[in-house]
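Everything below concerns the one structure shown next.
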Amino acid sequence: MVSVVLERFLQQSLDLLNETLAAAIVVVAASLLLYNLSRNLRNRVARTSAGVLACVTVVYVGDVLMSLAMQPATIEALLRFQWIGLAFIPASTFHLSDALLATTGLPSRGRRRRVVRILYAIATALFVLAALTDELITFVRLPDGRVSLNAGVFFGLYLAYLFPTSAIALTNVWRARARCITKSTQRRMTYLLVSVLMPTIGIFPYSAFLSAGEEFTAGALFLVNLTNVVVILALLFLAYPLSFFGSDLPDRVVKADLLRFMLLGPATGLL
């Protein structure tokens, strides 16, 4: 009896921590998105990185709203809504890697541009599948009112789109890093190389491979919270090097501006 009570207390605590971290990620991602758009809107790297941040924001906004939702139908609608971010983040990440390559002096001759358009078309098709059908994802309503997401018949198509796209995006960032000349630029590109796929890894719907309701166990919630912490760190790692692109200001001014923004924006929101 005591072990059951302790397990329930641990599960509830981890669930509350998950909701708190999801709200924190929304604050950080949305703040960085607005920072990029308001500061470097004409810079291609800033615009494409805003797409990645928007995908993360959408997914975690869905998580926050699901913690408030009471009806299973509302939860299912929010799970479908999250696929805006899940479907588009591979294409957005590839688009960002293409912009980084172009910034280092290797613009697309048309092939990468066509690939970007094809990837966005695939993302749109996947979102339509997730939003309007049960072919990509399915739902299981649990006795306690929660809803479990499972893989549908065409979920393999999403994996076939996600993994190669992410691998090529990582390769493009590696190529962009190899083209950098100064040590400071190489160091910033290394930060991007390490963190560019972290948002994709963080928002991946792992519950699709679990049994119905297994994602709400204490062990699964612990891993989810660990992933949320990694996503927050990845967003910060992304923000630092990306803040230098398109800026004519000295490095020390850019660093001071970013630190001031982080303290006045995300840090205040988190507190």
Side-chain angles (χ1 to χ4, degrees), residues 15 18 22 25-26 29 48 51-97 114-170 197-217 219-221 223-224 227-228 231:
D15 201 13
N18 177 40
I25 292 173
V26 170
T48 52
V52 175
L53 293 171
C55 291
V56 175
T57 303
V58 166
V59 171
Y60 281 97
V61 163
D63 278 345
V64 172
L65 294 178
M66 273 189 284
S67 67
L68 306 174
M70 301 298 293
Q71 300 298 324
T74 305
I75 297 175
E76 290 181 11
L78 289 170
L79 286 170
R80 295 184 191 277
F81 165 76
Q82 286 183 313
W83 275 84
I84 298 175
L86 291 170
F88 281 91
I89 196 167
S92 299
T93 304
F94 179 88
H95 200 181
L96 172 60
S97 70
R114 286 193 294 270
V115 170
V116 168
R117 293 171 181 169
I118 292 172
L119 290 176
Y120 278 120
I122 294 174
T124 303
L126 288 171
F127 170 64
V128 171
L129 270 178
L132 302 180
T133 73
D134 292 329
E135 302 300 324
L136 186 62
I137 52 173
T138 60
F139 305 106
V140 177
R141 296 189 179 186
L142 304 177
D144 60 359
R146 296 191 179 190
V147 178
S148 181
L149 183 148
N150 288 342
V153 177
F154 293 147
F155 193 80
L157 294 177
Y158 175 67
L159 299 180
Y161 151 73
L162 172 69
F163 291 134
T165 303
S166 300
I168 297 172
L170 188 65
L197 292 185
M198 289 301 178
T200 303
I201 296 172
I203 69 175
F204 183 82
Y206 297 101
S207 60
F209 301 106
L210 301 176
S211 302
E214 192 175 348
E215 67 268 32
F216 303 117
T217 61
L221 287 172
L223 294 177
V224 168
T227 303
N228 288 340
V231 170

Notebook entry, point to check: Ser92 pairs by side chain to side chain contact (heavy atoms under 4.5 Å, CB included) with which of Val56, Val52, Thr165, Val116?
Noted result: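 So the option named by the test is Val52.
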Note to self: Pair Asp63, Gln82 - check side-chain contact (heavy atoms from CB on, under 4.5 Å), show working.
What the structure shows: CA-CA 8 Å; Asp63 278 345; Gln82 286 183 313; 2.8 Å; yes
Would you name the heavy atoms of [X] and [Y] that are closest together and state the gap between them?
X	Y	answer
Leu86	Ile203	CD2-O, 2.9 Å
Ala29	Thr57	CB-OG1, 3.3 Å
Val59	Gly85	CG2-CA, 3.9 Å
Phe127	Arg80	CE1-O, 3.8 Å
Tyr60	Gly202	OH-O, 3.7 Å
Ser211	Ser148	O-OG, 4.3 Å

Notebook entry, point to check: Under 6.0 Å between the ring centres of Phe94 and Tyr120?
Noted result: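 Centroid distance Phe94-Tyr120: not below 6.0 Å, so no.
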Side-chain heavy-atom pair [X], [Y] within 4.5 angstrom cut-off:
X	Y	answer
Val147	Met66	no
Ile118	Ile122	yes
Ile201	Tyr206	yes
Val58	Phe88	no

Rounded to the nearest 0.5 Å, what separation is found between the [atom1] atom of [X] and the [atom2] atom of [Y]?
X	Y	atom1	atom2	value
Thr133	Phe154	OG1	CZ	8.0 Å
Phe209	Leu149	CZ	CG	10.5 Å
Ile89	Thr200	CD1	OG1	4.0 Å
Leu223	Asn18	CG	CG	11.5 Å
Phe139	Ile75	CZ	CD1	10.5 Å
Leu210	Asn150	CG	CG	8.5 Å

Check: Is there a side-chain contact (heavy atoms from CB on, under 4.5 Å) between Trp83 and Leu136 once you walk through the steps?
Finding: CA-CA 10 Å; Trp83 275 84; Leu136 186 62; 3.7 Å; yes
Note to self: Is it the case that the side chain of Ser166 and the backbone of Phe163 share a donor-acceptor pair, with hydrogens and angles ignored and the cut-off at 3.5 Å?
What the structure shows: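 Absent.
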Next item on the list: Before giving the answer on side-chain contact (heavy atoms from CB on, under 4.5 Å), spell out for Leu129 and Tyr158 the whole-Å C-alpha distance, their side-chain angles and the decisive distance to 0.1 Å.
Entry: CA-CA 10 Å; Leu129 270 178; Tyr158 175 67; over 6 Å; no
Next item on the list: Output all residues satisfying salt bridge (Lys or Arg N to Asp or Glu O under 4.0 Å) with Arg141, sequence neighbours left out; order by chain, then residue number.
Entry: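 Per chain and number, Arg141 pairs via salt bridge (Lys or Arg N to Asp or Glu O under 4.0 Å) with Glu76.
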